[in-house]
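In what follows, a structure is listed as structure tokens, so that the remarks can point back to it.
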There are 2 protein chains.
Amino acid sequence: MSGHLSPIQLDSYRPLRELVCETIRQAIVDGVFSPGERLMEIQLADEMGVSRTPVREAIRKLELEGFVVMIPRRGTYVADISIKDINEVYEIRTSLEVLAAGLAAERISDEELETMQRLLVEIGQHIEDGNIEKIVEIDTAFHDVLYKASRNGRLAGIINNLREQITVIRRRSMMYPGRLRNTMEEHRLLVDSIAAHDVDRAQNAARIHMENAEHTLLKDMLESAERKRK
Amino acid sequence: MSGHLSPIQLDSYRPLRELVCETIRQAIVDGVFSPGERLMEIQLADEMGVSRTPVREAIRKLELEGFVVMIPRRGTYVADISIKDINEVYEIRTSLEVLAAGLAAERISDEELETMQRLLVEIGQHIEDGNIEKIVEIDTAFHDVLYKASRNGRLAGIINNLREQITVIRRRSMMYPGRLRNTMEEHRLLVDSIAAHDVDRAQNAARIHMENAEHTLLKDMLESAERKRK
DNA sequence: ATTCAAAATTCTGTATACAATATATTTTAC
DNA sequence: GTAAAATATATTGTATACAGAATTTTGAAT
């Protein structure tokens with residue numbers, strides 16, 4: 001019963017269920033709802049000022065996406081993320097990011113390449129003034145261009161879903177000391193090899209980027225668990 | 001308005017939406033509903049003897065899984081599969097099957113290994129008497145053991161979803177002349193390398209298996225399109 | 001005969017009502 | 001005082017009702 005959700009205002013012509021779904025997903029990602037917390041349909045519906053129907057449909061979708069767990073006749077709970085989950089997600093993501101990087105190196109257009117390079121510069125600027133929110137935003141855009149350049153719509157969808165599933169902690173690990181500059185360097189290698197249409201190097205850069213990201217994430221999780229204990 | 005769906009009998013305590021979802025999915029996979037065909041909630045509900053609510057929830061799930069396409073305020077249509085789709089699915093599947101094979105080679109238990117070998121023998125027997133239905137069934141079980149041995153639950157889920165999305169035509173291409181025996185040989189290589197816990201060989205076997213499967217599938221699709229034209 | 005417009009119908013989107021089950025609370029028996 | 005059973009309450013699962021939008025049909029005009 002902790003969080004307040006902003007009431008939905010019906011943007012005519014996207015279905016309510018979509019708006020509701022995004023609102024709840026964002027609330028989970030932002031930590032408004034804690035892992036393990038129970039989500040009740042009536043309560044959510046009241047807070048957002050809609051009926052139970054679109055809320056139910058939104059919850060079903062979030063279950064498919066892995067953000068909540070439903071137990072029949074018992075209720076819905078916010079999924080909590082374990083080390084095991086991180087491992088699973090990164091095993092798959094590594095494989096798919098490598099694929100995407102290789103495909104992008106083959107298929108990217110000059111225009112997309114320019115966009116990526118521009119976004120990279122922008123991230124660099126925001127690292128200077130430490131604007132995390134902005135960095136996360138541009139980083140997402142950066143990766144979206146890459147996935148799009150792979151010319152495989154499903155691939156982008158699957159990767160994005162996997163990314164979102166761990167966004168809660170991903171954001172935090174970005175602030176891990178020194179991680180931002182490393183990320184920057186890894187991204188530059190990735191862009192360079194894609195620009196050279198060098199499939200092997202692009203795949204390698206993607207793999208290294210993933211391994212480092214996972215490593216930082218796990219380190220951060222362990223340290224924060226440590227802090228909690230004492 | 002072609003197909004008849006069997007009425008749902010409420011298996012007490014699995015939610016209706018699950019049963020409805022499986023019924024519709026199976027109907028799509030079995031070709032009861034043709035690609036592009038419109039699915040109407042009331043009609044489906046009546047045929048299965050339930051209300052619209054569980055049907056709606058089932059359709060939302062099928063949309064996430066890629067079996068149907070929803071256009072807001074317009075309706076739901078059975079997704080139709082194009083060459084582009086086949087390409088996309090196999091690009092991703094290859095990557096993930098290679099991952100799964102590698103992980104399985106590292107992590108499989110002796111018991112699981114025995115099961116895989118047993119299933120392989122069973123498939124061989126059914127190739128003799130040409131029982132396609134049975135082969136598809138055992139083949140599915142065979143792969144399920146492999147995914148399980150990868151010790152990555154999400155991976156199994158994603159691959160199975162991708163597999164199902166093209167089951168409609170996958171089944172047909174299995175009957176392509178000579179394909180069954182080739183599949184058998186590829187499976188044997190895969191099992192052997194996993195049994196030897198040889199990661200590289202297992203990954204290679206998986207990659208080759210996928211490439212051949214896709215190749216046959218595309219060949220079959222092209223030939224059947226050819227037949228249709230005249 | 002064809003085309004455009006308006007009315008009617010059909011279907012989706014959302015809200016609400018009802019039924020069934022799980023959980024919490026209270027009462028009773030030991 | 002504790003434990004078990006019965007009752008009460010809350011919440012999910014399903015059905016239905018109503019509103020609004022899209023499509024189809026019908027009719028008239030060119």
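Reminder, nothing fancy here: chain letters follow the sequence lines and each chain counts from 1.
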Rounded to the Å, how far apart are [X] [atom1] and [N] [atom2]?
X       : N      : atom1 : atom2 : result
B:Ile59 : D:dT14 : CD1   : C1'   : 16 Å
A:Leu19 : C:dT14 : CG    : P     : 9 Å
A:Arg56 : D:dT12 : CZ    : P     : 8 Å
A:Asp46 : C:dA15 : CG    : C1'   : 13 Å
A:Glu41 : D:dT14 : CD    : P     : 11 Å
A:Glu57 : C:dT14 : CD    : C1'   : 9 Å
B:Glu18 : D:dG13 : CD    : C1'   : 12 Å
A:Met40 : C:dA24 : CE    : C1'   : 13 Å

When you measure from the side chain of [X], which nucleotide among [options] comes out closest?
X       : options                : value
A:Ile42 : D:dT12, C:dA15, D:dT14 : D:dT12
A:Arg73 : D:dA21, D:dC18, C:dT21 : C:dT21
B:Ser51 : D:dA15, D:dG13, C:dG13 : D:dA15
A:Thr53 : D:dG13, C:dT12, C:dT16 : C:dT16
A:Arg38 : D:dT12, C:dC11, D:dA15 : D:dT12

Please classify the nucleic acid contact of [X] as base, sugar-phosphate, or nothing, using heavy-atom distances under 4.0 Å.
X       : answer
B:Leu39 : sugar-phosphate
B:Arg17 : sugar-phosphate
B:Arg74 : sugar-phosphate

Phosphate contact (D:dT16 OP1 or OP2) by B:Arg52 side-chain N/O below 4.0 Å: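 Negative; the distance criterion is not met.
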Residue pair B:Asn161, B:Gln165: steps toward the side chain to side chain donor-acceptor pair (under 3.5 Å) verdict: CA-CA 6 Å; B:Asn161 179 230; B:Gln165 280 185 43; 3.2 Å; yes
Does a salt bridge link [X] with [Y], judged by any charged N lying under 4.0 Å from a carboxylate O?
X       : Y       : value
A:Glu63 : A:Arg60 : no
B:Lys84 : B:Glu88 : yes
B:Glu22 : B:Arg25 : no

Whether B:Glu114 side chain and B:Glu111 backbone form a donor-acceptor pair below 3.5 Å: no
